[in-house]
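Everything on this sheet refers to the single structure shown next.
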Amino acid sequence: MSAQEGHRPGTAGYRRLNWAMLMAGIAGFGMLYSTQPLLPQIGGTFDVSATAAALTVSAGTGGLAVTVVVATWLGQRIGRVAVMRIGLVVAVAAQLASTAMPTFELLLGARVVLGLALAGVVGVAMGHVGAEVHPAGLGQAMGLYVAGNSLGGVLGRLVTSGVSEFASWRVADAVLGAAAGAAAIAFMILLPSSDQVPRREQADRVRPDPRAWLRVEVWALAAIPFLLMGGFVGLYNFLTYRLVEPPFSLSPGLVGLVFLAYLAGTAASVVAGRAADRFGRPVSILVSLVLMGAGIVVTLADRLWLIVVGLVVLTAGFFAAHAVASGWMPVVAHGLGPAASGLYVSGYYAGSSILGAALGLAWSAGGWPATAWAVLALTALAAGCVAVVARRRLGP
């Protein structure tokens with residue numbers, strides 16, 4: 001491969017890179033959310049509340065949020081391939097270790113380490129694909145990586161929920177860890193060598209404009225993934241509790257099938273990207289938020305099939321909004337250089353960590369109705385942020 005050209009579609013290097021990044025997405029996102037279907041069992045084991053149990057998800061996403069920018073910096077200096085490989089190895093070790101932790105505090109500690117390590121994958125992977133693939137095949141390669149992320153999130157939840165039908169949550173999470181380990185090994189074998197030569201002087205030439213950090217629209221846009229991801233993860237966290245209780249009383253395996261609604265996000269992201277090109281980003285995001293809000297309202301019903309429909313709709317709306325907003329950040333925060341994407345990703349996972357657990361207060365106070373209305377409020381705040389960004393971009 002030429003450093004200038006990159007891997008072209010149809011070549012062996014292109015196929016190997018795509019498969020490798022697919023494996024990275026499956027492994028990483030499978031582990032990151034593996035405890036979500038297991039929250040009632042984990043809470044029972046350690047005798048902690050629903051809000052506390054949700055911290056097993058927040059610990060991982062929080063660790064990722066605080067180190068993703070550092071991971072990007074390390075990728076520039078020691079090489080993206082090395083950072084991704086080390087990150088996956090440490091993450092798999094933390095995942096397996098977490099299943100044997102005797103106390104809840106140690107479990108949370110292991111999940112934090114997992115998140116810190118996965119920053120080495122999430123913070124570097126898209127940049128690696130962009131640098132290694134020829135422009136003619138970049139769209140497909142990026143799409144496959146994002147599909148791997150979505151697929152990993154679904155498979156991770158299905159594995160842990162399915163195994164927990166017949167064994168403890170510890171065994172279920174360990175099985176997922178072993179599967180992630182196999183995917184990580186496949187990633188290391190398949191990933192082609194890179195022509196990247198880490199050079200300090202190259203990285204140092206890209207210096208952000210300090211004034212960009214003072215722009216209101218930059219922070220308003222960073223707030224959008226914080227609010228939306230926090231509400232989205234919180235809904236799925238406490239939906240698990242709702243479905244295992246009467247009148248539904250579903251088994252863990254059946255609850256896990258609900259996470260198949262995530263697959264709606266893959267198609268929605270593609271459609272939203274095309275809509276943004278045609279109708280503009282503000283309109284596309286606002287329409288997506290209306291869709292998300294409508295889905296949330298539908299989940300208030302007490303019929304299981306309506307809840308599933310609502311989940312599909314709100315999931316499609318969330319991923320559509322995320323797809324457009326993430327592409328907007330480099331445009332709005334152009335003075336930040338690579339830090340712009342890092343700021344967006346940090347907001348995304350910080351929301352998952354902080355709000356995803358904090359919504360447990362709404363669940364404890366008023367059950368599902370209070371949780372749903374709280375997420376609707378977060379969605380409305382996100383819409384307000386979109387308006388702020390659009391107004392600032394257009395000027396008075």
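The chain is numbered in sequence order, starting from 1. Just so we're clear, the structure is a prediction, and the values are computed from it rather than from any experiment.
- Residues V290 and L378 are members of separate hydrophobic clusters, defined by side-chain heavy-atom contacts under 4.5 angstrom among Ile, Leu, Val, Met, Phe, Trp and Tyr.
- The two residues A27 and L88 have their closest heavy-atom pair at CB-CD2, 4.1 Å.
- F248 is connected to V255 through a chain of hydrophobic side-chain contacts under 4.5 Å among Ile, Leu, Val, Met, Phe, Trp and Tyr, so both are in one cluster.
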Working for side chain to side chain contact (heavy atoms under 4.5 Å, CB included), residues Y344 and H322: CA-CA 10 Å; Y344 184 92; H322 167 48; 2.9 Å; yes

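- Across all non-hydrogen atoms, the minimal contact from S284 to V324 is CB-CG2, 4.3 Å.
- Taking CG of L314 as the start and OG of S288 as the end, the distance is 12.5 Å to the nearest 0.5 Å.
- Rounded to the nearest 0.5 Å, atoms CD1 (I78) and CH2 (W73) are 8.5 Å apart.
- Residue W363 comes nearest to A50 through the heavy atom pair CD1-CB, 4.0 Å, listed as atom of the first residue, atom of the second, then distance.
- Within the 4.5 Å cutoff, side-chain heavy atoms of F104 are placed close to those of I42.
- Looking at L343 and W219, their side chains come closer than 4.5 Å, going by heavy atoms from C-beta outward.
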Residue pair L243, L304: steps toward the side chain to side chain contact (heavy atoms under 4.5 Å, CB included) verdict: CA-CA 9 Å; L243 294 181; L304 183 59; 4.0 Å; yes

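- In this model, no donor atom of one side chain and acceptor atom of the other lie less than 3.5 Å apart for D173 and T99.
- Rounding to the nearest 0.5 angstrom, the gap separating the CG atom in L361 from the OG1 atom in T371 is 10.0 Å.
- L118 has its side chain out of reach of F29: every pair of non-hydrogen atoms, C-beta onward, lies at least 4.5 Å apart.
- Expressed to the nearest 0.5 Å, how far CG of L22 lies from CG of N18 amounts to 8.5 Å.
- R242 places no side-chain N or O within 3.5 Å of a backbone atom of F238 that could act as its donor or acceptor partner.
- I185 and L155 fall into different hydrophobic clusters, defined by Ile, Leu, Val, Met, Phe, Trp and Tyr side-chain heavy atoms under 4.5 Å apart, directly or through other members.
- Between T160 and T35, the closest side-chain pair of non-hydrogen atoms is not below 4.5 Å.
- Residues Q36 and T240 bring no donor and acceptor atom of their side chains to less than 3.5 Å of each other.
- Taking the six-membered ring where the residue is Trp, Y262 and F232 present tilted rings, their angle falling between 30° and 60°.
- Rounding to the nearest 0.5 angstrom, the gap separating the CG atom in L108 from the CG atom in L114 is 12.5 Å.
- Taken together through direct or relayed side-chain contacts under 4.5 Å among Ile, Leu, Val, Met, Phe, Trp and Tyr, V57 and W169 form parts of separate hydrophobic clusters.
- Under the 4.5 Å side-chain heavy-atom criterion for Ile, Leu, Val, Met, Phe, Trp and Tyr, L107 and L116 are members of distinct hydrophobic clusters.
- A donor-acceptor pair is defined here as one N or O able to donate and one able to accept, closer than 3.5 Å; such a pair exists between the side chain of R111 and the backbone of T56.
- Side-chain contact check for I307 versus L239: some heavy-atom pair is nearer than 4.5 Å.
- The backbone N or O of G10 sits less than 3.5 Å from a side-chain atom of R15, completing a donor-acceptor pair.
- Within the 4.5 Å cutoff, the side chain of L250 has no heavy atoms near those of the L257 side chain.
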Stepwise side chain to side chain contact (heavy atoms under 4.5 Å, CB included) check, W373 with L300: CA-CA 9 Å; W373 285 110; L300 290 167; 4.1 Å; yes

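- Distance alone, capped at 3.5 Å, is enough to place a donor-acceptor pair between the E165 side chain and the G253 backbone.
- The two residues A390 and W328 have their closest heavy-atom pair at N-CH2, 4.1 Å.
- Without hydrogens or angle criteria, T11 side chain to Y14 main chain gives a donor-acceptor distance under 3.5 Å.
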L228/M292 under side chain to side chain contact (heavy atoms under 4.5 Å, CB included): CA gap, chis, key distance, verdict: CA-CA 10 Å; L228 294 184; M292 183 176 175; 4.1 Å; yes

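- Residues V81 and H128 share a closest heavy-atom pair of CG2-CE1, 3.6 Å.
- Listed for the S353 side chain is no donor-acceptor partner under 3.5 Å among the backbone atoms of A350.
- Shortest non-hydrogen contact noted between A94 and V113 is CB-CG1, 4.0 Å.
- Proximity of M188 to V89: side-chain heavy atoms (C-beta onward) are separated by under 4.5 Å at one or more points.
- With rounding to the nearest 0.5 angstrom, the OG1 atom of T51 is 8.0 Å from the OH atom of Y241.
- You'll find the side chain of V233 reaches within 4.5 Å of the side chain of Y33, heavy atoms only.
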